[in-house]
Amino acid sequence: ANGGNGGFVEVSGKDRLVFSSFVDTRAPKGRVGTLLLDPSGVCLYDSNSALCSGYGATFDWNLLNLGTTDVTIDTSGSTDDILVAEGYSWASTYDLRLLAHRHLDTNGQTLNNSAGGGFLLVAGWNGDTTVPGTTGSVGNILGGGHFVTNGGAFTAMAANNVTLGNITTSATNNDGSNAGDIAVTG
């Protein structure tokens, strides 16, 4: 192809969603596209799916295509949460967005993207995937999770409170890269 941007892939589920597929929205001469997963309550794990009992969707970090697309995971219902049951490390220049209508629990876990992709975390999400923000009075980011971006931006927004651990956005590749911006509101 001579140009163009990557596509938009949406996978939805009213109550439950099982996702195990390969998605590649890269565009060699344009912007990467997005994979959107939008079930009810979401739990993310690395190897122990039993930690996610009772959630409408359980996603294995290893199957989320984090190296080939921006990934957005949002909850479809106003009382739905996102739980990071286990941490994960990967290398991607693409972003991860976790948008919870209610609470986002980072569970003290570490998410480490060593290639510069950014993070957007929203609790009390307003339902807008184009310009995510918060609405109402319900929504906390809790659990004291740790995040590493290696130059990518980090944004956390909550309708109420934000409780995080360490956030590291400094570039460690000694190529003159700058640290990513950090924005926390809540």
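Every heavy atom of this structure was used, including side-chain atoms; hydrogens, water molecules and symmetry mates were not.
In this structure, R31 has no salt bridge (Lys or Arg N to Asp or Glu O under 4.0 Å) partners at least two apart in sequence or on a different chain.
Classified by interplanar angle (parallel below 30°, tilted 30° to 60°, perpendicular above 60°), the ring pair W125/H101 is tilted.
Residue F22 belongs to no hydrophobic cluster, having no ILVMFWY side-chain heavy atom closer than 4.5 Å to its own. The hydrophobic cluster around Y55 extends to L83, counting ILVMFWY residues whose side-chain heavy atoms fall within less than 4.5 Å of a member.
Within the 4.5 Å cutoff, side-chain heavy atoms of V11 are placed close to those of L17. Looking only at side-chain heavy atoms (C-beta outward), L96 and F147 stay at 4.5 Å or farther from each other. By the 4.5 Å heavy-atom criterion applied to side chains, L111 and F119 are counted as neighbours.
Between the S92 side chain and the L66 main chain, a donor and an acceptor come within less than 3.5 Å of each other. For the pair N48 (side chain) and A50 (backbone), a donor-acceptor distance under 3.5 Å is present. E86 places a side-chain N or O within donor-acceptor distance of the main-chain N or O of D46, the cut-off being under 3.5 Å. Looking at N160, its side chain never comes within 3.5 Å of a backbone N or O of N140 through a donor-acceptor pair. Side-chain atoms of N112 do not come within 3.5 Å of backbone N or O of S89 as any donor-acceptor pair. At distances below 3.5 Å, not a single donor-acceptor pair connects side-chain atoms of D70 with backbone N or O atoms of L36.
Linking ILVMFWY residues whenever their side-chain heavy atoms come closer than 4.5 Å, directly or via other members, leaves V138 and L121 in distinct clusters. Under the 4.5 Å side-chain heavy-atom criterion for Ile, Leu, Val, Met, Phe, Trp and Tyr, L51 and L44 are members of distinct hydrophobic clusters. Transitive grouping of hydrophobic side chains (ILVMFWY, heavy atoms separated by less than 4.5 Å) brings V9 and F19 into a common cluster. Residues I182 and M157 fall into different hydrophobic clusters, defined by Ile, Leu, Val, Met, Phe, Trp and Tyr side chains chained together at heavy-atom separations under 4.5 Å. Taken together through direct or relayed side-chain contacts under 4.5 Å among Ile, Leu, Val, Met, Phe, Trp and Tyr, L98 and V23 form part of one hydrophobic cluster.
Taking every heavy atom of both residues into account, V162 and T185 meet most closely at CG2-O, 3.5 Å. In terms of heavy atoms, T106 sits closest to G144 at OG1-N, 3.5 Å. Shown here for G56 and S40, the closest heavy-atom pair between the two residues is CA-OG, 3.7 Å. Nearest heavy atom pair, residue T69 against residue V32, reads CA-CG2, 3.8 Å. Closest approach of A179 to S170, counting heavy atoms only: CB-CA, 3.7 Å. Minimum heavy-atom separation, G139 to A158: O-CB, 3.6 Å.
Note that CZ of R26 is 5.5 Å distant from OH of Y94, once rounded to the nearest 0.5 Å. If you take OG1 on T163 and CG on L142, they are separated by 6.5 Å, rounding to the nearest 0.5 Å. Taken from OG1 in T72 to CG in L35, the straight-line distance is 8.0 Å, to the nearest 0.5 Å. Separating the NE2 atom in H146 from the CD atom in Q109 is a distance of 8.5 Å, to the nearest 0.5 Å. Annotation: the span from I73 atom CD1 to L64 atom CG amounts to 5.0 Å, rounded to 0.5 Å. Between the OG1 atom in T155 and the CZ atom in R97 there is a gap of 10.5 Å [rounded to 0.5 Å].
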Derivation and outcome, side chain to side chain contact (heavy atoms under 4.5 Å, CB included), residues L104 and V122
CA-CA 7 Å; L104 194 161; V122 180; over 6 Å; no
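Residues F59 and W61 keep their aromatic ring centres 6.0 Å or farther apart.
A donor and an acceptor atom, one from each side chain of D38 and S12, are located under 3.5 Å apart. Side-chain contact annotation: Y88 with N62, donor-acceptor N/O pair under 3.5 Å present.
The environment of N5 atom CG is dense: over 12 non-hydrogen atoms of other residues, nucleotides or ligands sit within 6.0 angstrom.
Of the candidates N126, T75, L120, L99 forms a side-chain contact (heavy atoms from CB on, under 4.5 Å) with just one, namely L120.
Checked for salt-bridge contact, D81 and R102 meet the test: a charged N lies under 4.0 Å from a carboxylate O.
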